[in-house]
Engineer: 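Please read through the structure below; I'll follow up with questions.
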Amino acid sequence: MNEVTLQAATYEDVTQIVKEVGILPLSSFIPDHPSLESITTQAQWHTGLETDPWLWRDRLPGDGLAAYGRFFAKKPLLISADLFPLVKNLLEDPYSVEERYEDGQLPKSAVELFQAVEANEGIDVKELRAVTGMKAKESKSEFDRALIELQSTTDIVIAGISERLNANGTKNGWNSTCYMTALHWMELHRLAMNSSPTPEAKSQFRAYIQERYSSRAIQYLGKIFKL
């Protein structure tokens with residue numbers, strides 16, 4: 001994958017690139033692999049215009065073109081809709097959130113957070129903190145850890161943003177990130193589950209990355225996915 005040849009000046013460009021590369025991190029942390037940062041110019045970012053990659057990262061999951069979340073390495077990344085079912089198969093835990101809590105693998109806060117998202121699909125982060133009783137400043141690190149934990153096992157995804165509006169319905173302040181369960185996001189965008197046995201799923205993923213990625217990226221992802 002030659003990232004030098006990949007440049008995204010428009011939303012249409014990035015939709016094509018995401019489909020082509022499969023995994024597109026926001027920042028360049030996968031060795032010799034393109035990122036949203038590397039395929040755009042610094043001048044494009046945080047302008048609020050249609051060419052702003054900061055807006056693309058939320059628009060892509062909203063349009064059902066890519067799943068968005070901190071799926072591994074605790075870093076935000078986009079995974080194409082075509083590839084996500086396979087990645088979910090490899091990263092998901094075979095046991096439910098509740099079962100993992102009973103086994104001592106998850107804190108209670110993560111279970112409560114997941115249940116709140118499941119009951120309010122598309123909930124924004126401010127409401128989520130309120131619903132789970134984690135609005136206080138001292139609860140923020142626990143809240144953030146639980147969010148990342150649930151994304152790393154593809155239980156939840158970032159579903160886009162909600163605009164903060166005042167009483168008059170006018171935009172007021174920063175937008176809020178919204179979350180939904182990965183299963184709901186897939187159902188919403190009519191993506192079929194990949195239920196291949198783990199050895200077969202690993203073989204499919206290995207073939208996918210070997211065909212497209214650099215040797216250093218393959219080595220890195222091989223460790224992440226235990227190929």
Side-chain angles (χ1 to χ4, degrees), residues 14-15 17-19 21-30 33-37 53-93 96-97 100 105-107 109-129 132 134 140-162 175-191 193-194 201 205 208-209 220-221 224-225:
V14 82
T15 61
I17 289 170
V18 167
K19 193 167 187 178
V21 303
I23 297 173
L24 186 69
L26 264 60
S27 61
S28 303
F29 73 89
I30 300 176
H33 189 77
S35 68
L36 192 56
E37 178 184 63
W54 191 246
L55 302 181
W56 296 346
R57 86 201 201 287
D58 292 307
R59 187 175 169 186
L60 285 159
D63 289 344
L65 299 173
Y68 177 38
R70 296 176 184 265
F71 302 119
F72 54 83
K74 300 182 181 179
K75 306 275 191 181
L77 48 96
L78 295 151
I79 300 177
S80 71
D82 292 339
L83 184 60
F84 184 68
L86 177 57
V87 171
K88 178 168 173 53
N89 182 339
L90 292 171
L91 293 180
E92 68 186 357
D93 195 287
S96 71
V97 166
R100 278 176 267 160
Q105 295 177 29
L106 276 181
S109 56
V111 182
E112 291 172 347
L113 198 152
F114 176 79
Q115 290 172 340
V117 171
E118 193 175 38
N120 305 273
E121 298 282 6
I123 188 171
D124 79 54
V125 71
K126 288 195 74 175
E127 189 181 348
L128 185 56
R129 287 187 71 176
T132 54
M134 287 191 271
K140 189 178 187 305
S141 59
E142 181 187 7
F143 179 81
D144 290 343
R145 276 196 306 273
L147 270 182
I148 290 172
E149 176 75 27
L150 291 169
Q151 289 170 78
S152 72
T153 45
T154 63
D155 290 297
I156 64 172
V157 296
I158 298 171
I161 54 171
S162 66
N175 294 334
S176 291
T177 304
C178 298
Y179 292 89
M180 64 175 59
T181 62
L183 286 177
H184 183 75
W185 183 80
M186 289 177 68
E187 286 168 7
L188 203 59
H189 301 293
R190 298 178 182 176
L191 300 178
M193 290 289 294
N194 181 310
F205 187 70
Y208 183 94
I209 63 175
Y220 176 85
L221 291 169
I224 293 286
F225 288 89

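The figures that follow rest on heavy atoms only: side chains count, while hydrogens, waters and symmetry mates do not.
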Engineer: Short question: side chain of Arg57, backbone of Trp54 - any donor-acceptor pair under 3.5 Å?
Structural biologist: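 Checked: pair present.
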Engineer: Val97 versus Leu150: any side-chain heavy-atom pair under 4.5 Å?
Structural biologist: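 Side chain of Val97 against side chain of Leu150, heavy atoms only: contact under 4.5 Å found.
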Engineer: For Asp63, give me all partners under side chain to side chain contact (heavy atoms under 4.5 Å, CB included), at least two apart in sequence or on another chain.
Structural biologist: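 For Asp63 the side chain to side chain contact (heavy atoms under 4.5 Å, CB included) partners, ignoring immediate neighbours, are Tyr11, Arg59, Leu65.
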Engineer: Lys19: what forms a side chain to side chain contact (heavy atoms under 4.5 Å, CB included) with it, not counting sequence neighbours?
Structural biologist: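 Side chain to side chain contact (heavy atoms under 4.5 Å, CB included) list for Lys19, sorted by chain: Asp82.
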Engineer: What pair of heavy atoms forms the shortest contact from Gly64 to Ala81, and how long is it?
Structural biologist: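 Answer, listing the atom of Gly64 first, then Ala81: O-CB, 3.4 Å.
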Engineer: Nearest 0.5 Å, please: how far is CG in Leu188 from CE in Met180?
Structural biologist: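 So the gap between those two atoms works out to 5.5 Å.
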Engineer: Taking side chain to side chain contact (heavy atoms under 4.5 Å, CB included) as the test, write out the residues that go with Ala201, two or more places apart.
Structural biologist: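 Listed in chain order: Leu86, Asn89, Leu90, Ser196.
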Engineer: Apply side-chain contact (heavy atoms from CB on, under 4.5 Å) to Val14 and Leu78, showing your working.
Structural biologist: CA-CA 11 Å; Val14 82; Leu78 295 151; 5.9 Å; no
Engineer: On a heavy-atom basis, which atom in Met193 and which in Pro85 lie closest, and how many Å separate them?
Structural biologist: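 The answer is C-CB, 4.5 Å.
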Engineer: Check side chain to side chain contact (heavy atoms under 4.5 Å, CB included) between Lys75 and all other residues, then give those that pass, not counting sequence neighbours.
Structural biologist: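 Per chain and number, Lys75 pairs via side chain to side chain contact (heavy atoms under 4.5 Å, CB included) with Phe29, Ala73.
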Engineer: Residues two or more places apart in sequence or in another chain: which of them pass salt bridge (Lys or Arg N to Asp or Glu O under 4.0 Å) with Glu92?
Structural biologist: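 Once residues adjacent in sequence are excluded, the partners of Glu92 under the salt bridge (Lys or Arg N to Asp or Glu O under 4.0 Å) criterion are Lys88.
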Engineer: Does Trp56 reach the main-chain N or O of Leu36 with its side chain, forming a donor-acceptor pair under 3.5 Å?
Structural biologist: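 Judged by distance alone, no pair lies under 3.5 Å.
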Engineer: If I take atom OG1 from residue Thr154 and atom CZ from residue Phe71, how far apart are they, to the nearest 0.5 angstrom?
Structural biologist: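 The OG1 atom of Thr154 sits 7.5 Å away from the CZ atom of Phe71.
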Engineer: Taking all atoms of both residues into account, what is the closest heavy-atom pair of His33 and Pro25, and its distance?
Structural biologist: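 Shortest heavy-atom separation between His33 and Pro25 comes out as CD2-CD, 4.0 Å.
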Engineer: State whether the side chain of Glu118 and the backbone N or O of Thr181 hold a donor-acceptor pair below 3.5 Å, judged by distance alone.
Structural biologist: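 No, Glu118 side chain to Thr181 backbone: no donor-acceptor pair under 3.5 Å.
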Engineer: Say whether, by atom type as modelled, one donor and one acceptor occur between the side chain of Glu149 and the main chain of Arg145 under 3.5 angstrom.
Structural biologist: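 Absent.
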Engineer: Kindly compute the distance separating CD (Glu112) from CG (Leu106), expressed to the nearest 0.5 Å.
Structural biologist: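 Reported value, rounded in 0.5 Å steps: 12.0 Å.
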Engineer: For the residue pair Gly62 and His189, what are the closest heavy atoms and their distance?
Structural biologist: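 Scanning both residues completely, I find the closest heavy atoms to be O-CE1, 3.6 Å.
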Engineer: For Tyr179 and Gln151, work out which heavy atoms get closest and say how close.
Structural biologist: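 What the structure gives for the nearest pair is CE2-NE2, 4.0 Å.
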Engineer: How close do Tyr68 and Pro61 get, counting heavy atoms only, and between which atoms?
Structural biologist: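 That would be CB-CG, 3.8 Å.
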Engineer: Out of Val157, Leu128, Asp124, which one pairs with Cys178 under the side-chain contact (heavy atoms from CB on, under 4.5 Å) rule?
Structural biologist: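 Answer to the side-chain contact (heavy atoms from CB on, under 4.5 Å) test with Cys178 among Val157, Leu128, Asp124: Asp124.
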Engineer: About how many Å separate CD1 of Ile30 and CG of Leu24, when rounded to the nearest 0.5 Å?
Structural biologist: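 Taking CG in Leu24 and CD1 in Ile30, the distance rounds to 8.5 Å.
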Engineer: To the nearest 0.5 angstrom, please state how far the CG atom of Leu26 sits from the CG atom of Leu77.
Structural biologist: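 If we round to the nearest 0.5 Å, Leu26:CG and Leu77:CG are 8.0 Å apart.
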Engineer: Taking only residues two or more places apart in sequence, or in another chain, which ones meet Phe72 in a ring-ring contact (aromatic ring centres under 6.0 Å, His included)?
Structural biologist: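 With neighbours one apart ignored, the set is Phe225.
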Engineer: Using 0.5 Å steps for rounding, measure from the CD1 atom of Ile79 to the CG atom of Leu60.
Structural biologist: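 If I round to the nearest 0.5 Å, the distance is 12.5 Å.
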